[in-house]
Amino acid sequence: MRPAPLAIIPAMPELPEVESTRRSFAERIRGARVSAVRLGKPLRWPLGCEPEFLVSQCVGDVVRRGKYLWMALDAGGLLLHLGMSGSLRFSPSLGEPGPHDHFDLVTTHGVLRLTDPRRFGAVVWAQAPDHEPAAKLLAGLGVEPFDDAFDGAHLHAALRGRRVAIKQALLAGDIVVGAGNIYACEALFEAGIDPRTPAGRISRPRCDRLAAAVRRILGEALGLGGTTLRDFRDAHGMAGGFQAHARVYGRAGQPCVVCGTPIRRIVQGQRATCFCPRCQRR
Ligand SMILES: [Zn+2]
C-alpha cells in the first residue's frame, strides 16, 4: 500500500521555500510589463491600490526579506507573502484561475499566480519597502541567516537576559529570520542544545555553534528547495526534499542517528519540538 500523500500535513512555507520560489521566477519576470491584474477572493490584507494602477508598469528586481518578497515596479512595488498555504507560480501560460487562485499578475513574460487555499497570504502595494504599509509588515524582522551580521556574537548579544526557551526565541524571528519549526529543531540538534534551555543561559561558544548550525541547515534546505511537508511546488514544479534529511523533526520515538536514544517529542508554544534527550544538553 502506498503511504498517504505528504501534502495532507499542513505546514507553512518557510524561508527556504520562499527563497526557492523567488529564484524560480525573479530573473524571468524582470523587465516584463504588466498587462492585466486579476483578483480572486480577499487575501489577508488589501492590495492597497486600484489594480489598473499596476497595468503597463515594468517589473524590476524581486528581492526577499524574511518570508516576504518585494517586487519593484516603475511606481513603488508589491510586497508578497505566502501566508500559511500560499504558493507562487510563474509561467508563460497558466489556465483560467481556479477557486484558490486569488492574484494573477499578467505580464508580457508570463503570469505570476498566487494560489492560497487558506488566504493568509497577501499582495500589498507600497511606494517603497520603507513606506507604509510595507514598512510596518517588515518591521521587527531579525537579521538574515546568510548575512555576515548573523554569527555567534550577534546571537549571544540578542539572547542575553531572555528567559524564553531557546527554541521559541529562534522561532520568534526577531533575532534571525528563517529558523522555522523544522529548521529550529534541526539546528538545535546539530548544536547539541536542549530546546528547553533558557535562551539567556546559552554560552558564547554554544551560540557560535548554533548560529553556524542555523546557517548550515537553512543552506541545506535551500539547496533542496524546502521541505516536502506540504505540497510545495515552485514555478518549475519541483518538490522540496529537506524533510527526508531531517535528523530529529518528525522522528519521535525513532532512535537518534548519533546515540540511538529514542527521539522525544514535546510541545512548546503550541508547536511540536523533536529532540534527542541525550545529545542535546541544557
Ligand atoms: Zn542522540
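Counting begins at 1 with the first residue of the sequence. These numbers come from the heavy atoms of this one structure, side chains and all, not from hydrogens, waters or symmetry mates.
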Find out if a path of hydrophobic residues (ILVMFWY) with successive side-chain heavy-atom gaps under 4.5 Å connects Leu218 to Leu222. yes
Review point. Is a side-chain N or O of Arg251 found less than 3.5 angstrom from the main chain of Pro255, in a donor-acceptor match?
Key: yes
Original post:
Does Arg65 use its side chain to pair, donor to acceptor, with the backbone of Pro129 at less than 3.5 Å?
Top reply: no
Path from Leu88 to Leu73 over hydrophobic side-chain contacts below 4.5 Å
yes
Check: Looking only at atom types and distance, does a side-chain atom of Glu144 sit under 3.5 Å from a main-chain N or O of Gly66, one as donor and one as acceptor?
Finding: yes
Here the gap from Leu137 atom CG to Glu132 atom CD, rounded to the nearest 0.5 Å, amounts to 8.0 Å
- Message: Checking the side chain of Arg30 only, and the main-chain atoms of Ala26 only, is there a donor and an acceptor separated by less than 3.5 Å?
- Response: no
Hydrophobic cluster identity match, Leu54 and Val59, side-chain contacts under 4.5 Å
yes
Between the CG atom in Leu82 and the CG atom in Leu114, the distance rounded to the nearest 0.5 Å is 6.5 Å
*Less than 4.0 Å between a side-chain N and a carboxylate O, is that true for Arg119 and Asp101?*
no
Determine, stepwise, if the pair Ile175 / Val143 fulfils side-chain contact (heavy atoms from CB on, under 4.5 Å). CA-CA 6 Å; Ile175 296 172; Val143 299; over 6 Å; no
Taken to the nearest 0.5 Å, the spacing of Leu210 CG from Asp151 CG works out to 12.0 Å
Leu47 versus Val123: any side-chain heavy-atom pair under 4.5 Å?
yes
Measuring only between side-chain heavy atoms, which start at C-beta, is Phe189 closer than 4.5 Å to Cys279? yes
Heavy-atom closest pair (Ala149 atom, Asp147 atom, distance to 0.1 Å) is N-OD1, 2.9 Å
Trp70 side chain reached by Asp61 side chain, heavy atoms, under 4.5 Å
no
Is atom CZ of Arg216 surrounded by more than 12 heavy atoms (other residues, nucleotides or ligands) closer than 6.0 Å?
-> yes
Partner of Ile29 under side-chain contact (heavy atoms from CB on, under 4.5 Å), picked from Leu112, Thr108, Val111, is Leu112
In terms of heavy-atom contacts, Ala32 and His109 come closest through CB-CG, 3.4 Å
- Query: Counting N and O atoms only, with roles assigned by atom type, does the side chain of Asp194 sit under 3.5 Å from a partner on the main chain of Arg196, one being a donor and the other an acceptor?
  - Reply: yes
For Cys274 and Gly250, the nearest pair of non-hydrogen atoms, with its separation, is SG-N, 3.7 Å
Side-chain heavy atoms under 4.5 angstrom apart, residues restricted to Ile, Leu, Val, Met, Phe, Trp, Tyr: same cluster for Tyr183 and Ile263?
no
**Message:** Would you say that Leu39 contacts His102 through its side chain, given a criterion of any heavy-atom pair below 4.5 Å between the two side chains?
**Reply:** no
Return yes if some donor-acceptor pair links the side-chain N/O of Gln57 with the main-chain N/O of Asp74 below 3.5 Å, else return no. yes
In short, side-chain hydrogen bond (donor to acceptor under 3.5 Å, both in side chains) pairs touching residues 266-282 with sequence neighbours left out are Lys167-Thr273, Gln268-Thr273
- prompt: Run the side-chain contact (heavy atoms from CB on, under 4.5 Å) check on Leu141 and Asp174 step by step: do they pass?
  reply: CA-CA 5 Å; Leu141 291 182; Asp174 57 340; over 6 Å; no
Parallel, tilted or perpendicular: which fits the ring planes of Phe53 and Trp125, with parallel below 30° and perpendicular above 60°? perpendicular
For this session: Report yes or no: does Arg22 contribute a side-chain atom to a donor-acceptor pair with the main-chain N or O of Val63 at less than 3.5 Å?
Result: no
Task: Note, Ile166 side chain near Leu159 side chain (heavy atom, < 4.5 Å) - done: yes
(Q) The test is side-chain contact (heavy atoms from CB on, under 4.5 Å); show your working for Phe275 and Ile193 and say whether it passes. (A) CA-CA 9 Å; Phe275 69 104; Ile193 297 170; over 6 Å; no
- Message: Is there a side-chain contact between Pro97 and Arg113 in this structure, where contact means two heavy atoms from C-beta onward sitting under 4.5 Å apart?
- Response: yes
Nearest heavy-atom approach of Ala122 to Arg44 is CB-CB, 4.3 Å
The reported gap from CZ in Arg264 to SG in Cys256 (rounded to nearest 0.5 angstrom) is 14.0 Å
d(Cys58 SG, Arg33 CZ) to nearest 0.5 Å is 4.5 Å
The reported gap from CG in Asn181 to CG in Leu171 (rounded to nearest 0.5 angstrom) is 5.5 Å
Within-4.5 Å side-chain heavy-atom neighbours: Leu79 and Leu69: no
Could you check if a side-chain atom of Asp104 sits within less than 4.5 angstrom of a side-chain atom of Val37, using non-hydrogen atoms only? no
**Asked** Where the side chain of His81 meets the backbone of Tyr68, is there a donor-acceptor pair that is under 3.5 Å apart?
**Response** no
Ala213 and Ala187 have their tightest heavy-atom pair at CB-O, 3.5 Å
Check whether any side-chain N or O of Glu186 sits under 3.5 Å from a backbone N or O of Arg247 as a donor-acceptor pair, and report yes or no. yes
Requested in this report: Measure from the side-chain N and O atoms of Ser35 to the backbone N and O of Val106, and report whether any donor-acceptor pair falls under 3.5 Å.
Outcome: yes
Between Asp208 and Ala153 the two heavy atoms that sit nearest each other are OD1-N, 4.1 Å
Q. For Phe90 and Thr107, what are the C-alpha separation, side-chain angles and deciding distance, and is it a side-chain contact (heavy atoms from CB on, under 4.5 Å)?
A. CA-CA 10 Å; Phe90 181 68; Thr107 77; 4.1 Å; yes
Is Val164 reachable from Leu155 through a run of I, L, V, M, F, W or Y residues, each pair having side-chain heavy atoms under 4.5 Å apart?
no
For the CG atom on Asp148, are there more than 12 heavy atoms of other groups (residues, nucleotides or ligands in this structure) within a distance under 6.0 Å?
no
